[in-house]
There are 2 protein chains.
Amino acid sequence: MGRGKIEIKRIDNATSRQVTFSKRRSGLFKKARELSILCDAEVGLVVFSSTGRLYEFASTRKKLILPTSMKSVIERYTEAKEEHMQTMSASAEAKAAMLLRN
Amino acid sequence: MGRGKIEIKRIDNATSRQVTFSKRRSGLFKKARELSILCDAEVGLVVFSSTGRLYEFASTRKKLILPTSMKSVIERYTEAKEEHMQTMSASAEAKAAMLLRN
DNA sequence: GCGTCTATATATAATGG
DNA sequence: TCCATTATATATAGACG
């Protein structure tokens with residue numbers, strides 16, 4: 001969807017990979033949100049950039065259940081969260097919150 | 001993106017809501033997959049239709065962490081999963097599916 | 001409900017500042 | 001390294017079988 005057609009394979013150039021990530025992530029989240037609204041669906045979306053930054057969306061409507069395949073993800077999340085909590089200090093709290101927020 | 005422009009609000013007609021769900025879900029998953037490949041990102045996507053059917057995608061690469069806002073989701077998943085396991089029998093498959101449905 | 005078919009809306013690749 | 005633009009690729013609304 002652009003001036004040229006691209007193959008779906010890892011973009012080698014780090015810069016353009018970052019640019020594409022930014023654009024497509026934005027589009028993906030937009031569509032996730034639209035789906036949840038239009039179709040009254042529960043949607044949970046988690047994205048980690050290759051640099052480890054977290055982005056999330058979750059429609060908060062009724063009941064959302066995670067799929068089995070995400071079990072490991074949940075486990076890792078729990079671990080990370082615990083680590084996070086352990087190393088968290090009062091002043092680091094805000095920083096971490098911001099980090100998680102974007 | 002079609003013959004006409006639509007507002008982003010819940011589609012009242014159940015039939016067209018289902019049709020739209022099917023189409024957009026497909027597109028969303030495709031884009032989730034593309035993002036993960038193109039940008040070497042970790043992506044986890046969970047969708048529950050309004051009728052309770054589950055759809056998922058998770059790139060299995062490196063580190064995927066769930067966002068804070070998904071905590072309740074995880075909890076619910078865990079609960080449901082436990083229930084599922086407890087009541088599951090070979091012949092109870094269908095029943096379990098119903099359980100997950102809502 | 002599900003696949004196919006367009007016309008049109010949107011997303012976005014490439015580019016320029 | 002970001003914004004803004006814009007040409008093009010893609011997604012999809014609406015219609016039909």
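Reminder, nothing fancy here: chain letters follow the sequence lines and each chain counts from 1. Side-chain atoms are counted along with the backbone in the values below, which use heavy atoms only and exclude waters and symmetry mates. Being a predicted model, the structure only gives us computed values, none of them experimental.
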Who passes side chain to side chain contact (heavy atoms under 4.5 Å, CB included) against [X], sequence neighbours left out?
{"X": "B/R3", "result": "none"}
{"X": "A/S26", "result": "none"}
{"X": "A/I6", "result": "A/R24, B/L38"}
{"X": "A/K5", "result": "none"}

Between atom [atom1] of [X] and atom [atom2] of [Y], what is the distance when rounded to the nearest 0.5 Å?
{"X": "B/I37", "Y": "A/I11", "atom1": "CD1", "atom2": "CD1", "answer": "11.0 Å"}
{"X": "A/R53", "Y": "A/R25", "atom1": "CZ", "atom2": "CZ", "answer": "8.0 Å"}
{"X": "A/T20", "Y": "B/E34", "atom1": "OG1", "atom2": "CD", "answer": "11.5 Å"}

Whole-Å distance separating the [atom1] atom of [X] from the [atom2] atom of [N]:
{"X": "A/F29", "N": "C/dA11", "atom1": "CZ", "atom2": "P", "answer": "15 Å"}
{"X": "A/I8", "N": "C/dA11", "atom1": "CD1", "atom2": "P", "answer": "17 Å"}
{"X": "A/L28", "N": "C/dA11", "atom1": "CG", "atom2": "C1'", "answer": "12 Å"}
{"X": "A/K31", "N": "C/dA11", "atom1": "NZ", "atom2": "C1'", "answer": "7 Å"}

Between B/L38 and B/I6, name the one whose nearest nucleotide on DNA chain C is closer to the 5' end.
B/I6
Comparing nearest nucleotides in DNA chain D, the 5'-proximal residue of the pair B/K5, B/K30 is B/K30
Let me know, please, whether B/G2 or A/G4 comes out on the 5' side of the other along DNA chain D by nearest nucleotide.
A/G4
Nearest heavy-atom pair of [X] and [Y]: which atoms, and what distance?
{"X": "B/R17", "Y": "B/S50", "result": "NE-OG, 4.2 Å"}
{"X": "B/S49", "Y": "A/A41", "result": "CA-CB, 4.4 Å"}
{"X": "B/L28", "Y": "A/A32", "result": "CD1-N, 3.6 Å"}

Contact between B/V43 and A/L45 at the side-chain level, heavy atoms closer than 4.5 Å - yes or no?
yes
So which pairs with a foot in residues 15-36 of chain A pass ring-ring contact (aromatic ring centres under 6.0 Å, His included), sequence neighbours left out?
A/F21-A/Y55
Which residues share a side-chain hydrogen bond (donor to acceptor under 3.5 Å, both in side chains) with B/N13, sequence neighbours left out:
B/S16
Give, ordered by number, those residues of residues 13-22 of chain B having at least one heavy-atom distance below 4.0 Å to an atom of DNA chain D; if nothing qualifies, reply none.
B/T20
Note: chain B reaches DNA chain D at heavy-atom distances under 4.0 Å over the stretch, first to last nt, 5' to 3', of D/dA11 to D/dG14
At a cut-off of 3.5 Å, list every protein nitrogen or oxygen paired with a nitrogen or oxygen from nucleotides 3-5 of chain C, distance to 0.1 Å.
none

Helical bend (five base pairs per end, nearest 10°) for the helix from C/dC2-D/dG17 to C/dG17-D/dC2
30°
